[in-house]
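Numbering starts at 1 and runs along the sequence shown.
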Amino acid sequence: HVLTSKDGQLWSQKPVPTRAMLNRVIALADGRLFAVGHDGVILLSPDRGEHWTLQHQAISDQRPNTLYDIAFVTPLRGYAIGAFGLMLATEDGGKTWLPVESPLTLSGLHLNAIANLGEGGLIVSGERGLLAVSRDGGTTWKLSAPAYAGSYFGILPTSANTALVYGQRGRLYEIKDISRLQAGDPASFDPLIMPSPDDAQALKLGFRRILSPVEASLFGATRLADGRVTLVGADAAVLLVDPLYQSATALKHAGSATYSRVFSKGNQLMVVGMNGITRLTLPESAQ
């Protein structure tokens, strides 16, 4: 299902050439939209969501071809990532996609999120505390030593060299200097045997923990106009993080479903989740 709206209130469904579940949609500066999902599906809309064409599909009984996220580092070069280290790359603006092998993909870990850092940089997060950074447009990757034994479900870049990473059980970290993250091998980090590093150990690895008031997993985030960050997740969790990323508070509201994505529109949040699209009013201090 693909829904579009020009005002955030009236929504219309658009026809798409697949019945596969879609997990993520991104917008490029030139107006193109890309969506990725199960069965290796990659969809392209050249006109901001009005019409969609199938760019890639790979159905296999041998290995799940689920794609979780997609990002472009230039208008022509992009990457789609997914389950069990799956990564596809395009060099022609999304017309053709080919599998990529690197230390990142050979880990076999789920790659849950990818984001453009700008200046040719990309960052990927996944299970077992996986975090990987590329400074050359995805040609080479540096794997970071894990600061957490669980999964990261999302990344929010705050500059070309800083980011917030978040995920399972409400874990939320600030990375103040991505270039100084210590190298490591997340594939060898077994969360069933080794506990997560404590906050002091994580800080030495380059991750500063922001304590969350909830233990619900976090799936989506966005920056507000005043510099704050909003995160959403399971059990209708909605968190507000102050502009200095020192503390997180829970936004109280009536809700119970899982939220997966969020963006702001004026003094309201548009939250997408299992119950569809929800509008939440921000408290005055966060408007």
Side-chain angles (χ1 to χ4, degrees), residues 1-3 20-27 34-38 64 66-71 80-84 86 109-116 123-132 146-158 163-175 191 196 207 209-224 228-241 245 248-265 268-280 282 286:
H1 285 69
V2 171
L3 305 177
M21 180 183 292
L22 300 175
N23 295 320
R24 180 70 160 147
V25 61
I26 63 167
F34 283 89
V36 297
H38 289 228
T66 302
L67 293 172
Y68 295 135
D69 205 355
I70 182 172
I81 60 168
F84 302 105
L86 177 61
L109 300 177
H110 295 331
L111 308 179
N112 296 325
I114 183 170
N116 189 340
I123 186 168
V124 169
S125 69
E127 65 174 330
R128 294 192 192 177
L130 181 149
L131 200 75
Y148 176 50
S151 294
Y152 295 132
F153 296 125
I155 311 159
L156 182 67
T158 50
L164 299 180
V165 60
Y166 51 89
Q168 202 169 10
R169 298 183 63 83
R171 285 290 176 133
L172 172 62
Y173 293 93
E174 179 192 17
I175 306 172
S196 296
F207 299 80
R209 186 177 176 187
I210 303 171
L211 294 179
S212 169
V214 301
E215 287 196 353
S217 293
L218 302 172
F219 299 123
T222 189
R223 295 181 75 181
L224 304 177
R228 297 190 183 196
V229 169
T230 297
L231 299 106
V232 299
D235 300 326
V238 179
L239 305 184
L240 294 174
V241 181
Y245 312 137
T249 58
L251 178 61
K252 295 181 179 180
H253 65 286
S256 60
T258 292
Y259 297 145
S260 58
R261 293 289 184 267
V262 60
F263 64 94
S264 62
K265 184 176 177 62
Q268 291 192 321
L269 297 176
M270 306 293 295
V271 181
V272 180
M274 292 184 68
N275 283 350
I277 303 162
T278 303
R279 298 168 70 94
L280 303 176
L282 288 163

Side-chain touch [X]/[Y], heavy atoms, less than 4.5 angstrom:
X: Leu130; Y: Leu111; answer: yes
X: Met270; Y: Arg279; answer: yes
X: Leu3; Y: Ile277; answer: yes
X: Ile175; Y: Phe207; answer: yes
X: Leu269; Y: Leu251; answer: yes
X: Pro157; Y: Asn116; answer: no
X: Val262; Y: Leu280; answer: no

Test side chain to side chain contact (heavy atoms under 4.5 Å, CB included) applied to Tyr245 and Thr158, step by step: CA-CA 11 Å; Tyr245 312 137; Thr158 50; 3.3 Å; yes
Work out which heavy atom in [X] is nearest to a heavy atom in [Y]; give both atom names and the distance.
X: Ala248; Y: Pro213; value: O-CD, 3.5 Å
X: Tyr259; Y: Phe219; value: O-CD1, 3.4 Å
X: Ala113; Y: Gly154; value: CB-CA, 3.8 Å
X: Ala257; Y: Asn275; value: CB-ND2, 3.5 Å

Tell me if a side-chain donor or acceptor on [X] pairs with a main-chain N or O of [Y] at a distance below 3.5 Å.
X: Asp69; Y: Ile81; value: no
X: Asn23; Y: Leu67; value: yes
X: Arg171; Y: Ser212; value: no
X: Thr230; Y: Leu240; value: no
X: Ser196; Y: Ala149; value: yes
X: Ser260; Y: Val272; value: yes

Going through the checks in order, is the side chain to side chain contact (heavy atoms under 4.5 Å, CB included) test met by Leu156 and Leu231? CA-CA 10 Å; Leu156 182 67; Leu231 299 106; over 6 Å; no
Crowding at CZ, Arg223 (>12 non-hydrogen neighbours, <6.0 Å): yes
His110: partners by ring pair (Phe, Tyr, Trp, His ring centres under 6.0 Å), with sequence neighbours left out: Phe84
Give the intermediate values and the outcome of side chain to side chain contact (heavy atoms under 4.5 Å, CB included) for residues Asp235 and Val214. CA-CA 10 Å; Asp235 300 326; Val214 301; over 6 Å; no
Run the side chain to side chain contact (heavy atoms under 4.5 Å, CB included) check on Val241 and Leu172 step by step: do they pass? CA-CA 10 Å; Val241 181; Leu172 172 62; 3.9 Å; yes
Rounded to the nearest 0.5 Å, how far does [atom2] of [Y] lie from [atom1] of [X]?
X: Arg24; Y: Ile70; atom1: CZ; atom2: CD1; result: 10.0 Å
X: Ile114; Y: Tyr68; atom1: CD1; atom2: OH; result: 15.0 Å
X: Phe263; Y: Thr222; atom1: CZ; atom2: OG1; result: 9.0 Å

Which residues satisfy the side-chain contact (heavy atoms from CB on, under 4.5 Å) test with Ser151, sequence neighbours excluded? Asn112, Glu127, Phe153, Gln168
Suppose we screen for side-chain contact (heavy atoms from CB on, under 4.5 Å). Which residues come up paired with Ala163, at least two apart in sequence or across chains? Ile155, Ile178
